Number of protein chains: 2
Amino acid sequence: MMQFSTKAEYSLKAMINLAKHYGKEPISLAKIAKEEKISKEYLEQLIAKLKANNLVKSTKGVKGGYILTKKPNLISAADVIEATEGSLAPFYCVSDADARCCTKKDCLTKNMWINVKKSIKKSLESTKLTDLYK
Amino acid sequence: MMQFSTKAEYSLKAMINLAKHYGKEPISLAKIAKEEKISKEYLEQLIAKLKANNLVKSTKGVKGGYILTKKPNLISAADVIEATEGSLAPFYCVSDADARCCTKKDCLTKNMWINVKKSIKKSLESTKLTDLYK
DNA sequence: ATAAATACCAAGTAGATTACTTGGTATTTA
DNA sequence: TAAATACCAAGTAATCTACTTGGTATTTAT
């Protein structure tokens with residue numbers, strides 16, 4: 001089955017948590033993990049990807065933690081999910097990472113996957129962090 | 001990564017193969033498998049699902065094989081992929097099979113997944129077998 | 001200075017899933 | 001009666017997910 005994994009779920013929860021505290025002091029990973037009921041050690045790996053994609057920044061040491069790099073209304077679900085899942089491509093032949101596919105000039109099936117990918121992207125890009133909490 | 005598996009790929013290939021021969025004699029699984037370069041034994045499992053979803057019908061014995069139950073322009077990619085992949089839901093909380101999700105009355109994240117699912121479905125439902133070959 | 005709390009990093013692992021294979025039985029036609 | 005087909009159930013190797021384990025580096029409070 002084609003389903004986003006808990007990577008998408010957990011990273012969205014973490015980003016929503018940070019969005020709610022936007023403008024305040026950094027929040028530690030331990031606090032986010034506890035509040036969102038996610039393994040801290042696993043979330044660590046996901047937030048590393050969010051940082052690599054410039055969605056959060058960190059400060060070390062006591063009182064350290066994470067904050068968003070941008071206002072919550074400027075970060076989309078697509079940004080978050082693409083960072084942690086790696087791609088929004090619903091099929092390998094339309095993934096940037098894995099572009100092996102049929103060699104045909106104009107593959108009709110590939111065109112279909114391109115459309116599916118576009119529609120997924122559109123949905124997720126139009127959803128901002130601010131749309132995910134009230 | 002959220003990607004459809006080879007189940008979607010193989011079953012689409014098989015159905016396109018059958019669509020091209022629509023109205024003629026049944027085609028054997030062995031022939032489809034050979035032409036599409038798919039393991040016959042694996043394809044057997046996939047075509048069983050297509051049959052269970054009433055997309056193909058079979059005749060046994062020598063000269064036996066498979067034919068489509070409907071005209072190729074009446075069968076969508078969504079029909080085929082849903083039959084073999086099990087669901088088009090991009091996240092467990094919007095899957096019919098697995099409806100466990102947050103207990104909140106109006107979960108904003110769930111609403112997002114509902115929209116994503118709808119847009120995937122729309123793309124795949126609008127693509128008929130006849131759109132996948134010329 | 002030192003201890004505590006934090007981020008950061010690399011490698012290992014159990015369980016689930018995918019993509020098959022294996023070894024059959026049942027049915028139909030030549 | 002033999003061959004070709006569909007149909008069926010169970011086993012399996014490789015891969016992926018969702019972690020865990022065991023550290024190091026940095027910063028603040030005491």
Side-chain angles (χ1 to χ4, degrees), chain A residues 1-14 18 25-53 55-69 81 84-87 89 91-92 95 97-98, chain B residues 1-14 18 25-53 55-69 81 84-87 89 91-92 95 97-98:
Chain A
M1 279 215 274
M2 181 215 55
Q3 283 190 358
F4 286 107
S5 68
T6 57
K7 286 174 192 165
E9 181 183 10
Y10 294 168
S11 56
L12 275 175
K13 281 183 176 174
L18 288 172
E25 76 285 351
I27 308 176
S28 75
L29 194 67
K31 188 162 184 258
I32 298 170
K34 194 179 178 187
E35 284 179 8
E36 305 301 338
K37 298 185 183 68
I38 303 167
S39 149
K40 173 183 163 289
E41 291 73 22
Y42 188 44
L43 187 57
E44 194 180 296
Q45 294 173 24
L46 303 180
I47 211 157
K49 290 183 181 176
L50 296 173
K51 196 189 172 186
N53 282 268
L55 297 173
V56 298
K57 53 188 171 185
S58 62
T59 48
K60 284 187 174 183
V62 180
K63 299 267 176 186
Y66 294 91
I67 56 171
L68 300 182
T69 55
I81 294 172
T84 49
E85 291 274 350
S87 168
F91 198 64
Y92 67 81
S95 162
D98 185 357
Chain B
M1 278 213 278
M2 180 215 56
Q3 285 190 358
F4 286 107
S5 70
T6 58
K7 285 174 194 166
E9 182 183 9
Y10 295 167
S11 57
L12 275 175
K13 281 182 175 173
L18 289 171
E25 75 286 353
I27 308 175
S28 75
L29 194 67
K31 189 164 184 255
I32 299 171
K34 195 180 176 187
E35 284 179 7
E36 305 300 338
K37 297 183 183 71
I38 302 167
S39 149
K40 173 182 164 289
E41 290 74 22
Y42 188 43
L43 187 56
E44 196 179 296
Q45 293 173 25
L46 303 181
I47 211 156
K49 290 184 183 178
L50 296 173
K51 196 187 172 188
N53 282 267
L55 297 173
V56 299
K57 53 187 172 186
S58 62
T59 49
K60 284 187 175 183
V62 179
K63 298 268 177 184
Y66 295 91
I67 56 170
L68 299 182
T69 54
I81 294 173
T84 50
E85 292 273 351
S87 168
F91 198 62
Y92 67 82
S95 164
D98 184 358

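Predicted, not measured: the structure shown is a model, and the values here were computed from it. Atoms considered below: every heavy atom in the structure, side chains included; atoms not considered: hydrogens, waters and symmetry mates. Each chain gets a letter, A, B and so on, in the order its sequence line appears, and its residues count up from 1.
If you check distances only, the side chain of Q3(B) never reaches the base of dT18(C) with a donor-acceptor pair under 3.5 Å. Checked by distance alone, E85(A) brings no side-chain donor or acceptor within 3.5 Å of a matching partner on the base of dT17(D).
Of the side-chain N and O atoms in S58(A), none sit less than 4.0 angstrom from OP1 or OP2 of dA7(C). Phosphate proximity of dT5(D) to K63(B): absent, as no side-chain N or O sits under 4.0 Å from OP1 or OP2. For the pair K31(B) and dT5(D), the criterion of a side-chain N or O lying under 4.0 Å from OP1 or OP2 is not met. In terms of phosphate contacts, T6(A) brings a side-chain nitrogen or oxygen within less than 4.0 Å of OP1 or OP2 of dA18(D). Distances shorter than 4.0 Å separate some side-chain N or O of Y10(B) from OP1 or OP2 on dC20(C). For the pair K7(B) and dT18(C), the criterion of a side-chain N or O lying under 4.0 Å from OP1 or OP2 is met. The phosphate of dT17(C) has neither OP1 nor OP2 within less than 4.0 Å of any side-chain N or O from S5(B). Put simply, Y42(B) has no side-chain N or O that comes within less than 4.0 Å of OP1 or OP2 on dT22(C). Look at T59(B) and you won't find any side-chain N or O under 4.0 angstrom from OP1 or OP2 of dT27(C). Between K51(B) and the phosphate of dC7(D), there is a side-chain N or O to OP1/OP2 separation shorter than 4.0 Å.
T69(A) places a side-chain N or O within 3.5 Å of a backbone atom of L55(A) that can act as its donor or acceptor partner. Side-chain atoms of E85(B) come within 3.5 Å of backbone N or O of A8(B) as a donor-acceptor pair.
As the counterpart of dT28(D), dA3(C) is assigned, both hydrogen-bonding distances of the Watson-Crick or G-U wobble pattern falling under 3.5 Å. Of the nucleotides present, dA10(C) is the one that pairs with dT21(D) by Watson-Crick or G-U wobble criteria, both distances under 3.5 Å.
For the pair K13(B) NZ and dA19(C) P, the computed distance is 13 Å after rounding to whole Å. For K37(B) and dA19(C), the NZ to C1' distance is 19 Å, given to the nearest whole Å. Per the geometry, NZ belonging to K49(B) stands 16 Å off P belonging to dC7(D), to the nearest Å. For I38(A) and dA18(D), the CD1 to C1' distance is 12 Å, given to the nearest whole Å. A straight line from CD1 of I47(A) to C1' of dC9(C) spans 15 Å, rounded to a whole angstrom. Between the CD atom of E44(A) and the C1' atom of dG22(D) there is a distance of 11 Å, given to the nearest Å. Between M2(B) atom CE and dC16(D) atom P the separation is 16 Å, expressed in whole Å. When the C1' atom of dG23(C) is taken as reference, atom CD of Q45(B) falls 13 Å away, rounded to whole Å.
Picking from dT21(C), dT6(C), dC7(D) the nucleotide with the shortest atom distance to the side chain of S28(A) gives dT6(C). You'll find that the side chain of Y66(B) is closest to dA6(D), out of dA3(D), dA6(D), dT27(D). You'll find that the side chain of V62(B) is closest to dT29(C), out of dT27(C), dA5(C), dT29(C).
Both E41(B) and I27(B) lie near DNA chain D, and the one whose nearest nucleotide falls closer to the 5' end is I27(B).
The only member of L50(A), I67(A), I27(A) that meets side-chain contact (heavy atoms from CB on, under 4.5 Å) when paired with V56(A) is L50(A).
Atom-to-atom distance recorded for I38(A):CD1 and Y10(A):OH is 6.5 Å, nearest 0.5 angstrom. Separation of atoms CD1 (I81(B)) and CD (E9(B)) is listed at 10.5 Å; rounding is to 0.5 Å.
Residue S87(B) comes nearest to S95(B) through the heavy atom pair OG-OG, 4.1 Å, listed as atom of the first residue, atom of the second, then distance.
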